[in-house]
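One structure is given here, and the rest of the page talks about it.
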Protein chains: 4
Amino acid sequence: MSTQQDSPATSSRVQRKRGQRIQKILTTAAELFGERGYDAVSLEDVADRLDVTKGSLYYYFASKEELVTAAIETLGNDWTDRLERLASETGGPPAQRLRTLIHEHVTIAVRDYPEALRLFLVPTKWPEPQRERIKSLRLRHNEVFRVVLEEGVGTGEFVVTSIDTVLQCMHAAMAQAPAWCGPLRGTARARAVGELTDTLMMLTGLRPPRA
Amino acid sequence: MSTQQDSPATSSRVQRKRGQRIQKILTTAAELFGERGYDAVSLEDVADRLDVTKGSLYYYFASKEELVTAAIETLGNDWTDRLERLASETGGPPAQRLRTLIHEHVTIAVRDYPEALRLFLVPTKWPEPQRERIKSLRLRHNEVFRVVLEEGVGTGEFVVTSIDTVLQCMHAAMAQAPAWCGPLRGTARARAVGELTDTLMMLTGLRPPRA
Amino acid sequence: MSTQQDSPATSSRVQRKRGQRIQKILTTAAELFGERGYDAVSLEDVADRLDVTKGSLYYYFASKEELVTAAIETLGNDWTDRLERLASETGGPPAQRLRTLIHEHVTIAVRDYPEALRLFLVPTKWPEPQRERIKSLRLRHNEVFRVVLEEGVGTGEFVVTSIDTVLQCMHAAMAQAPAWCGPLRGTARARAVGELTDTLMMLTGLRPPRA
Amino acid sequence: MSTQQDSPATSSRVQRKRGQRIQKILTTAAELFGERGYDAVSLEDVADRLDVTKGSLYYYFASKEELVTAAIETLGNDWTDRLERLASETGGPPAQRLRTLIHEHVTIAVRDYPEALRLFLVPTKWPEPQRERIKSLRLRHNEVFRVVLEEGVGTGEFVVTSIDTVLQCMHAAMAQAPAWCGPLRGTARARAVGELTDTLMMLTGLRPPRA
DNA sequence: CATGAATGAGGATTCATTCAT
DNA sequence: CATGAATGAATCCTCATTCAT
């Protein structure tokens with residue numbers, strides 16, 4: 001009865017298709033959850049934006065919670081990947097590299113994931129298993145910045161009271177970036193992103209650029 | 001013969017009682033909503049913590065939304081009042097006054113209204129009327145800091161790229177304070193609050209104190 | 001402690017006051033219930049329109065049901081009283097007297113009790129005791145019309161298939177009168193009431209007046 | 001190979017099933033709402049009679065209001081359809097056709113939709129959108145009777161004071177029919193319906209048939 | 001008498017989740 | 001795989017009723 005041939009070729013094409021499907025779902029979910037928060041988004045909402053039915057989502061994810069977690073995870077990993085790549089490609093003194101990282105991070109946040117970033121900040125009371133995964137995500141992400149920051153402190157280029165505190169402040173501020181810069185367009189947005197970057201660099205003890 | 005004797009007296013006593021009742025509700029509500037967010041808190045939760053029934057809440061507030069809004073408003077006003085008083089009582093150069101304000105703000109956040117600040121930051125999609133009231137609250141609150149910041153910039157003591165951006169970063173970071181410092185106890189917490197204050201002061205272009 | 005003197009004078013004055021109070025309540029209640037129906041009117045609504053609190057109503061009536069019943073009863077009795085008086089004062093042939101009755105009935109309905117009449121028609125499932133009282137009210141009220149109708153049939157002036165059926169149709173139509181004529185003003189309303197009266201008279205086998 | 005085979009077929013079968021389901025709900029709802037009125041019927045009641053859960057109703061209708069409106073609409077349209085068909089099939093002079101219409105209308109009311117008519121009469125305060133739809137329903141329904149009535153008036157067969165008034169009285173009386181004839185059984189009911197029809201025909205200026 | 005306050009039992013509505021097809 | 005359908009638990013909200021003062 002079944003016309004399905006599980007040849008490796010088919011299987012892999014199917015596999016790819018499946019992967020894309022899931023990616024699409026995760027992106028959309030992250031978007032929505034970031035926009036309104038976990039509780040305010042129903043699976044119906046997600047399904048609607050994807051133009052499928054609620055039932056379909058359950059084929060890929062066992063529960064709402066699993067969906068958000070996966071969304072956060074994928075998104076966080078992609079994001080961190082990009083930053084890590086950028087960090088490894090960028091040379092120059094720590095100050096310049098940190099600036100590049102911050103700028104890129106804010107740009108990604110504002111341009112690619114308009115709202116999703118907030119998901120990392122708000123410590124919604126996840127059940128234990130999820131909490132762990134998210135925590136480790138945050139750690140890995142944080143590490144990219146910490147490395148540069150520590151190097152700068154090591155060379156005396158940066159002067160800070162507490163590296164951890166600086167990192168926290170940076171992330172808190174960057175997470176709000178979409179809310180501040182998102183509504184702006186074109187040059188105005190670019191300038192806002194620039195000012196935010198400059199301002200955050202001051203946390204390292206540098207003076208503002210044009211002052 | 002004295003059928004009127006209790007008109008003004010009683011009325012005012014009753015009035016006072018009512019005011020207290022409402023305050024109690026508002027505080028409790030702000031607490032809960034701040035802890036878990038609007039959607040994650042049911043009126044049952046609020047009622048439970050107050051040891052009354054859901055129905056009673058509706059005697060004072062027409063809807064869940066009205067309750068949160070009122071809670072946010074009272075809380076925000078009280079908070080700003082305290083900061084304004086502090087600002088007017090504190091002398092010295094802008095740097096010192098700003099530091100005092102930040103320190104107090106963080107302290108209040110961590111000690112008195114654990115988590116409640118998030119209500120101001122997270123842009124829960126309030127219906128228009130509420131949004132306006134909350135916005136104006138935030139503005140008034142922001143003003144306290146802005147005044148000092150502008151003064152410092154005027155005297156050249158502070159050097160910043162953009163006053164608005166600095167304010168935004170400060171508030172974003174301070175709003176996370178309870179999540180960072182809240183779990184700590186005693187000296188550890190005091191030190192954390194201090195480091196946060198010092199770090200945020202760097203946004204004004206000052207070098208870290210003991211570096 | 002009590003300054004209350006139960007002298008007959010006081011008592012009767014109090015009694016009168018009480019009576020007026022109750023009348024006011026009943027009228028208002030009948031109005032509201034007639035307007036929107038039993039279920040759609042809350043005691044709060046009644047209290048609001050009377051400018052008292054819900055609690056006060058319970059001083060005079062033990063329950064919502066008792067209030068409506070009393071409202072219907074008073075209103076029905078007053079109404080029937082007026083019609084009975086009118087019937088006994090009016091002379092002439094049955095046709096003329098019936099026309100007078102119908103006209104007066106519609107006028108009262110439209111002018112004095114804009115909405116309350118419907119209370120008699122809609123057989124809301126009252127509990128037994130109430131049902132009986134309302135039924136007997138309706139009977140007494142109906143009797144005024146029946147007497148004249150039967151007389152006319154007796155003299156051969158009226159020609160009908162069934163007296164009961166004619167009565168039912170009349171009452172059904174008259175109960176809708178406020179909905180039809182109520183919105184009209186001045187002459188327009190007077191004409192509408194006139195046409196309704198003429199039309200209903202045709203149920204007795206008379207030709208329309210101006211035809 | 002036939003992975004598409006069931007697209008149109010299935011879809012239409014599913015569609016039909018859905019239609020039937022909705023019809024079933026609508027009928028049941030109209031029944032209940034007609035019996036007891038909008039406020040006195042809970043969705044639980046409707047669900048119970050359908051042997052499903054409240055939640056299921058919300059799968060088909062977004063709110064209680066939408067459900068009643070739809071119920072009224074379907075019911076009203078079906079009803080009017082039947083009358084219109086009857087009107088177009090019936091020949092003879094206006095008097096005979098009007099009598100047929102009235103008789104059929106009352107019969108439908110008493111037999112098929114006991115009590116449902118009240119929904120059209122009682123001006124439950126619907127929100128504007130619903131009110132319009134119901135109003136137009138009533139108009140269409142009224143038209144069937146008006147056409148015949150006007151024709152009779154045109155030929156001089158009917159003599160009335162006001163066509164509109166006659167129509168209103170007819171509908172008011174017919175709406176009460178279920179309350180009068182419903183409790184009766186067999187011949188008694190048939191006779192009651194007959195008497196009502198005869199009586200209402202008198203509104204056109206005809207004398208009663210066998211008098 | 002009258003009021004403010006509180007209650008508890010419904011009733012409307014939402015939504016994650018399950019499942020047959 | 002995907003969908004439509006159904007469910008039931010939770011949640012918001014209303015309201016008749018009670019009661020202390």
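Chain identifiers are assigned alphabetically (A, B, ...) following the order of the sequence lines, protein sequences preceding nucleic acid strands; residue numbering begins at 1 within each chain.
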Out of curiosity, A/Tyr60 OH to A/Leu26 CG, how far, rounded to the nearest 0.5 Å? 11.5 Å
Among E/dA16, E/dT13, F/dG4, which nucleotide has an atom closest to any side-chain atom of A/Thr53? F/dG4
side-chain hydrogen bond (donor to acceptor under 3.5 Å, both in side chains) with C/Arg49: which residues, sequence neighbours excluded? C/Glu31, C/Glu35
Please check the phosphate of F/dG4 (OP1 and OP2 only) for any side-chain N or O of D/Arg18 closer than 4.0 Å. no
From CD of A/Glu44 across to C1' of F/dG4 the rounded distance in Å is 11 Å
Under a 4.0 Å N-O cut-off, is there an ion pair linking D/Arg36 with D/Asp45? yes
Nearest whole angstrom, please: distance from the P of F/dA2 to the CG of A/Asp51. 13 Å
Find the partner of F/dC13: check Watson-Crick (N1-N3 plus N6-O4 or O6-N4) and G-U wobble (N1-O2, O6-N3) distances, both under 3.5 Å, and reply none if neither fits. E/dG10
Using the closest heavy atom to pick a nucleotide of DNA chain F for each, name whichever of D/Gly55 or A/Gly55 lands nearer the 5' end. A/Gly55
Atom pair CD1/CG of C/Ile25 and C/Leu50 - distance to nearest 0.5 Å: 6.0 Å
Please determine if a side-chain N or O atom of A/Arg21 lies less than 4.0 Å away from the OP1 or OP2 oxygen of F/dC1. no
Taken to the nearest 0.5 Å, the spacing of B/Leu43 CG from B/Ser56 OG works out to 11.5 Å
In whole angstrom, what separates B/Tyr38's OH from F/dC12's P? 8 Å
For D/Val46, answer base if it contacts any base atom (sugar-phosphate contacts may also be present), sugar-phosphate if it contacts only those atoms, and nothing otherwise; contact means non-hydrogen atoms under 4.0 Å. nothing
Whole-Å gap separating C1' (E/dC15) and NZ (A/Lys64): 8 Å
Residue mapping more 5' on DNA chain E - nearest nucleotide basis, D/Asp45 or D/Ala62: D/Asp45
Look at the side chain of B/Tyr58 and decide which nucleotide, out of F/dT17, F/dT14, E/dA16, has an atom nearest to it. F/dT14
From the list F/dT7, E/dA12, F/dC1, which nucleotide is the closest neighbour of the side chain of D/Ser56? F/dT7
C/Glu66 CD - F/dA16 P separation (whole Å): 15 Å
Gap between atoms CZ and P, on A/Phe61 and F/dA2 respectively (whole Å): 12 Å
Identity of whatever pairs with E/dC1 - Watson-Crick or G-U, under 3.5 angstrom: none
From C-beta outward on B/Lys54, which listed nucleotide comes closest to its side chain: F/dC13, F/dA6, E/dC15? F/dC13
In whole angstroms, the gap separating C1' of F/dA6 from CD1 of D/Ile22 amounts to 14 Å
Closest-nucleotide ordering on DNA chain F, the 5'-leading residue of B/Leu43 and D/Val52: D/Val52
Let me spell it out: for each of C/Tyr59 and A/Ala40, pick the nucleotide of DNA chain E with the closest heavy atom. Which residue's pick is nearer the 5' end? C/Tyr59
For F/dA6, does either OP1 or OP2 sit under 4.0 Å from a side-chain N or O belonging to D/Tyr60? yes
Value for NZ (C/Lys64) from NZ (C/Lys54), rounded to nearest 0.5 Å, stands at 11.0 Å
Distance check needed: F/dT11 P versus B/Glu65 CD, whole Å only. 17 Å
